[in-house]
Every structure is written in structure tokens, then in C-alpha cells.
Amino acid sequence: MEKLITVVVVLMLGAFLMNSYADAQRLNSCLGKKERVTRLQLYLQDLVGGENRTVWHVAQSDLTDVLPSAFGRVAVLDNLVTTGPEFESQQVGRMQGLIALADLHEKALAMLLNIVFTEGEFKGSTLSILGRNPLFDKVREVPIVGGTGAFRMARGYVITKTYSKDETRIRDVYEYNIVVFHMDDDVTI
Ligand SMILES: *[C@@H]1O[C@H](CO)[C@@H](O)[C@H](O)[C@H]1NC(C)=O
């Protein structure tokens, strides 16, 4: 008798689980939603000086030169993005946007950036980054809040760290490890 009850319970549980799975599948296909996860390792070539400079300070506050946090400095950038840390590495696109030192006490950025892919598998697509980048941390996490093209409906995160800092203030390199969920390619308009 006990055995029979166990068998019945196991069967009911199995049926319940299969049903839930089928429901989830139906819901997904009904929404036309298919999701993919993409991981990318990219390098940001931050040209802060020299004749081909790509990062430009455009504004500052009266506190910028007074506080160690450089509060109020605003910069606009259009940086080369590569697959390797060298400037001559394979190019994939540009990182374009606005960064501001927006913390009175510590060096932390508020970032509004778009990665524009100009080469390779994701050519023509973009990823949008919006969040806080605490420069004093060795490893930083910044959210990805959207995208276009292959990265439609994107959400994810970037784990970033400083790869190299140039003593001569010409070229700094940042490593961007990206994990992003987005719609599958076969979903059309
Ligand atoms: C700046 O760009 C020009 C044109 O691409 C190039 O010839 C030159 O070598 C670059 N300068 C530096 C310092 O990289």
C-alpha cells in the first residue's frame, strides 16, 4: 500500500512538472520570445592625450580642482574598441558617450555609453551601458540596460578593470567583460 502511494505521488509530481514546463514553453512562444546569452571580452582604448585624443573634458564645477573626487568633471568620448589590449588589435567598434565624476567623496563615474559595433558578427548593433563605475575599486560592475540590432531587449552587466594606465597620459586601456541576455536573431520585427 505504502509503495503504491509513493508511486502515485511520484507520477502526480512528474505530471505537474511536465505541465509547468509546457506552460512556460507556450508562454515563451506566444510572446515570440527567444533569448540568447552572449559573452564578450573587449578592450577600450582610452586616448586621453596626444594628437589623436578621443576623450575630451567638456565641463567642470568649481569643486573639480578642489576635491580629490574631481566632482563635476564631465567628458565626452569616442573610443576605439578592440578584441585585444594592443592598439593594433582587431577593431570591433567604438565606445561613445558621456561620463561624469558624480560622487562628492570618491572618484566614481556616472556613465552613459553606447558600444557601436562596426565590425564582425555584431556589426550594425549597439549596446547601451548606464550606471555607476567606482574607479577606486579594482574590479567594477556596470549594468547594460539595452541594445539594438542583434542586441535587442538586451540586459546584462559589464565587469571592468583597468588593464593599463599610461604614465605619459596618452593611452589608458580598460578591459570589459560583458555578459548580455538578448533576443534571438530569428525574431523579426
Ligand atoms: C594619429 O592618427 C594619424 C592618422 O591615423 C596617424 O598617422 C598617426 O600616427 C597618429 N598619431 C599617433 C600619435 O598615434
Side-chain angles (χ1 to χ4, degrees), residues 38-103 106-152 154 156-180 182:
T38 297
R39 289 165 194 271
L40 299 166
Q41 184 176 53
L42 302 174
Y43 291 86
L44 190 62
Q45 307 288 337
D46 208 42
L47 299 184
V48 291
E51 60 173 330
N52 296 327
R53 187 170 175 180
T54 57
V55 183
W56 291 87
H57 295 159
V58 294
Q60 66 171 51
S61 73
D62 290 345
L63 295 174
T64 304
D65 292 333
V66 180
L67 295 178
S69 67
F71 179 82
R73 173 165 292 139
V74 179
V76 179
L77 55 94
D78 182 355
N79 284 351
L80 176 64
V81 179
T82 52
T83 56
E86 306 308 325
F87 191 73
E88 299 73 25
S89 310
Q90 171 72 47
Q91 304 188 359
V92 282
R94 310 293 299 187
M95 173 81 88
Q96 300 173 342
L98 206 67
I99 52 174
L101 283 140
D103 189 311
E106 315 176 294
K107 262 208 164 122
L109 295 173
M111 310 210 298
L112 176 73
L113 296 169
N114 296 311
I115 303 179
V116 185
F117 291 84
T118 55
E119 309 280 337
E121 186 188 349
F122 300 112
K123 186 176 175 175
S125 301
T126 65
L127 273 178
S128 296
I129 295 168
L130 176 74
R132 182 172 193 260
N133 186 348
L135 294 172
F136 49 87
D137 282 346
K138 201 163 182 301
V139 178
R140 285 92 68 179
E141 179 181 343
V142 188
I144 291 176
V145 296
T148 62
F151 293 120
R152 241 184 223 170
Y157 58 92
V158 183
I159 301 295
T160 178
K161 51 187 173 212
T162 308
Y163 178 84
S164 62
K165 201 88 184 158
D166 186 356
E167 296 291 316
T168 63
R169 302 288 298 139
I170 303 281
R171 183 175 69 100
D172 299 330
V173 180
Y174 295 94
E175 189 180 309
Y176 271 56
N177 286 293
I178 294 172
V179 178
V180 62
H182 54 102

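Counting starts at 1 for both ligands and their atoms, in listed order. In this text the structure is predicted, and so the values were computed from the model without any measurement.
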Does any donor atom in the side chain of Ser89 or Thr83 lie under 3.5 Å from an acceptor atom in the other side chain? no
Shortest non-hydrogen contact from Thr148 to Ser125? O-CB, 3.3 Å
Within the 4.5 Å heavy-atom criterion, are Lys138 and Lys161 side-chain neighbours or not? no
Any side-chain donor near an acceptor of the partner, Thr54 and Asp78, under 3.5 Å: no
Cut-off 3.5 Å, side chains only: do Gln45 and Thr82 have a donor facing an acceptor? yes
Filter the ligand 1-protein atom pairs down to N or O on both sides and distance under 3.5 Å, then list them.
{"from": "ligand 1", "atom 1": "2 (O)", "to": "Asn52", "atom 2": "OD1", "distance (Å)": "3.1"}
{"from": "ligand 1", "atom 1": "2 (O)", "to": "Asn52", "atom 2": "ND2", "distance (Å)": "2.4"}
{"from": "ligand 1", "atom 1": "11 (N)", "to": "Glu51", "atom 2": "OE2", "distance (Å)": "2.9"}
{"from": "ligand 1", "atom 1": "11 (N)", "to": "Asn52", "atom 2": "ND2", "distance (Å)": "2.8"}

Using a strict 4.0 Å threshold on nitrogen-to-oxygen distance, state whether Asp166 and Arg171 make a salt bridge. no
